[in-house]
J.: 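Sharing a structure with you now.
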Amino acid sequence: MRKFLLFAVSLVLLHTVAIAQCKYSLEDLLRRAEEHSIQQEIDSLNLVAAKSDVLRARSSFFPKISASSSFLSLRRPIKLYDAYELSQDFLGNWSSFILNTEQGKALIQKLDKKGTLDLKNTWLLNISLVQPLYVGGKIVASNKMADYALEARHWQTERKKAERQHAIKEAYYQLVSLCEKEALLGEYIGMLRSVAKDIEALQKEGYATKGDLLEAKMALSKASQGLHKLQRMTPIATQHLALLANLPLTSDFVPKDNIETLLSKVEHLSSFSISTGEEDCLPSENQANEESRKRLLSLSKAIKHQQTIIEQSSMLPQLAFFANYTSLYPNFFDSMKGNVGGAWSLGVTLQVPLTDIYVGYQAKRSAKAQELIAGLEEKKTLRKLSLEAEKGQSEETLARQIFFSSLELRKDITANLNLAKLGYKEGEVSIEKLLRTEADWFQINEEFISALTDLFIKQSALALTKQ
């Protein structure tokens, strides 16, 4: 029963390890990174904000409608005129006779009531409409600037995404290189152990010396030391890739790609010419138009230009159409009747700045200087981008040449190793030559792995210069 339980626990542990150590392709990691990227969410929200800014700028063309309401209460009534003096002026010489009668006194009271504003409970409602007609080009410039800002935000988002993808590709191929070198070193150690075992058997029979055995064991010790070094570097590279791909740092995974799969992606090995370099040995991935970053620079300059127009508009006259509707209770527009009444007012306003001209002039000078700086920055950065593209192309071409050279050397050293092993079995090749051939085989294959993965990294870096 105890053995059965131990066997069951062993199966569970093996299954857990198999599940924990997953295999991820480059496409899986890129997709995972974008699906769980906080920066991607931030960039998406920035695009939403930029689109909202465009719609807000568009609203500057529309009329501005507003409404206001107020309540007024005065404790003392307002007398517009003196009813008795008004009656005297109107009646002349007959005023003293008429006003002293009951009818005259009633008339004075009635006039006094009509000429008194009782504002204990007064309500006011105002609805206004203002339609800008001319504001010195500020509205058009604001709309253009919002459009440019949205386009610039789009290109910045794509650029950041391309940089994140390049970082993942570089870390992925570096991890592939470490894993393949570790496997290669393990195979080389197996060769050395086999040779050391043969030397021990030959030494007993007197066909080999202690020096031969010592040389084989020294090579084996050096290779084992290199293997331990690679085994310490691999987990660090795995954690670095997991961090970039938004995987848990405790994830235990290995890349799906190896030498064979990478070689299968190099599609035109036989037709590629190192001297001319007319064909790409790798498929292009996520390559955007090279004009994208140039467009981003020109957008920055265009935004500065529109800002100059906005600052200039503060020095120019502004023309607007307005319409107002005012409603009152009591109705002042109809002899203060006790009902709700209102009136319309229409007109055109012209505002000419006087004291603000100096401030606007200085603001325009500052904005114009920023526009000139943006133009100079554009020229400087364009030259830098051109040099980066040339540098990336040169590095990719060099990496391609190194790869094909190492590919030919790998074929040759593999054939030499097979001949050395066959000659060693037949007694025609010495142990020293066999060990040297195996060491050369390991070194050339190690350089081949570096050249192969570096080719993919340089190809990705070249694509980044075009995004």
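Starting from 1, each residue takes its place in the sequence as its number. Worth saying up front: this structure is predicted, and the values here are computed from it rather than measured.
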J.: Between the side chains of D257 and K265, is the shortest nitrogen-to-carboxylate-oxygen separation below 4.0 Å, so that they form an ion pair?
T.: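 Yes.
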
J.: Output yes when E311 and R365 qualify as a salt bridge under the 4.0 Å nitrogen-oxygen rule, no when they do not.
T.: no

J.: Salt bridge check: are D440 and R436 linked by an N-O gap of less than 4.0 Å?
T.: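 The answer is no: the pair does not qualify as a salt bridge.
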
J.: Whether E377 and K380 form a salt bridge (side-chain N of Lys/Arg under 4.0 Å from carboxylate O of Asp/Glu) is what I want to check.
T.: yes

J.: For R159 versus L464, what's the shortest heavy-atom pair and its separation?
T.: NH1-O, 2.6 Å

J.: For the backbone of F61 and the side chain of Q131, can you confirm whether one donor and one acceptor N or O come within less than 3.5 Å of each other?
T.: yes

J.: Is a salt bridge present between D28 and R31, judged by a nitrogen-to-oxygen distance below 4.0 Å?
T.: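 So D28 pairs with R31 through a salt bridge.
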
J.: Where does the angle between the aromatic ring planes of Y24 and F253 fall among parallel (under 30°), tilted (30 to 60°) and perpendicular (over 60°)?
T.: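 Ring orientation, 0 to 90° scale: perpendicular.
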
J.: Determine whether more than 12 heavy atoms belonging to other residues, nucleotides or ligands lie under 6.0 Å from atom CD1 of I38.
T.: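 Incorrect, the count does not exceed 12.
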
J.: Which donor-acceptor pairs under 3.5 Å do the side chains of residues 235-242 make with protein atoms, sequence neighbours left out?
T.:
residue, atom, partner, partner atom, Å
T238, OG1, T234, O, 2.8

J.: Do the side chains of R32 and E35 get close enough for a salt bridge, i.e. N-O under 4.0 angstrom?
T.: no

J.: Identify whether the distance between the nearest side-chain nitrogen and carboxylate oxygen of R164 and E34 falls below 4.0 Å.
T.: yes

J.: Can you tell me if S450 and K181 form a side-chain donor-acceptor pair at under 3.5 Å?
T.: yes

J.: Are any of the side-chain nitrogens in R58 or D147 under 4.0 Å away from the carboxylate oxygens of its partner?
T.: yes

J.: Distance-only criterion, 3.5 Å: show the donor-acceptor pairs between side-chain atoms of residues 132-142 and protein atoms not counting sequence neighbours.
T.:
residue, atom, partner, partner atom, Å
S142, OG, K138, O, 2.8

J.: Any side-chain donor-acceptor pair under 3.5 Å between Q312 and K364?
T.: yes

J.: Given side chains that start at C-beta, do those of N445 and R410 come closer than 4.5 Å, heavy atoms only?
T.: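 Touching, per the 4.5 Å side-chain cut-off.
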
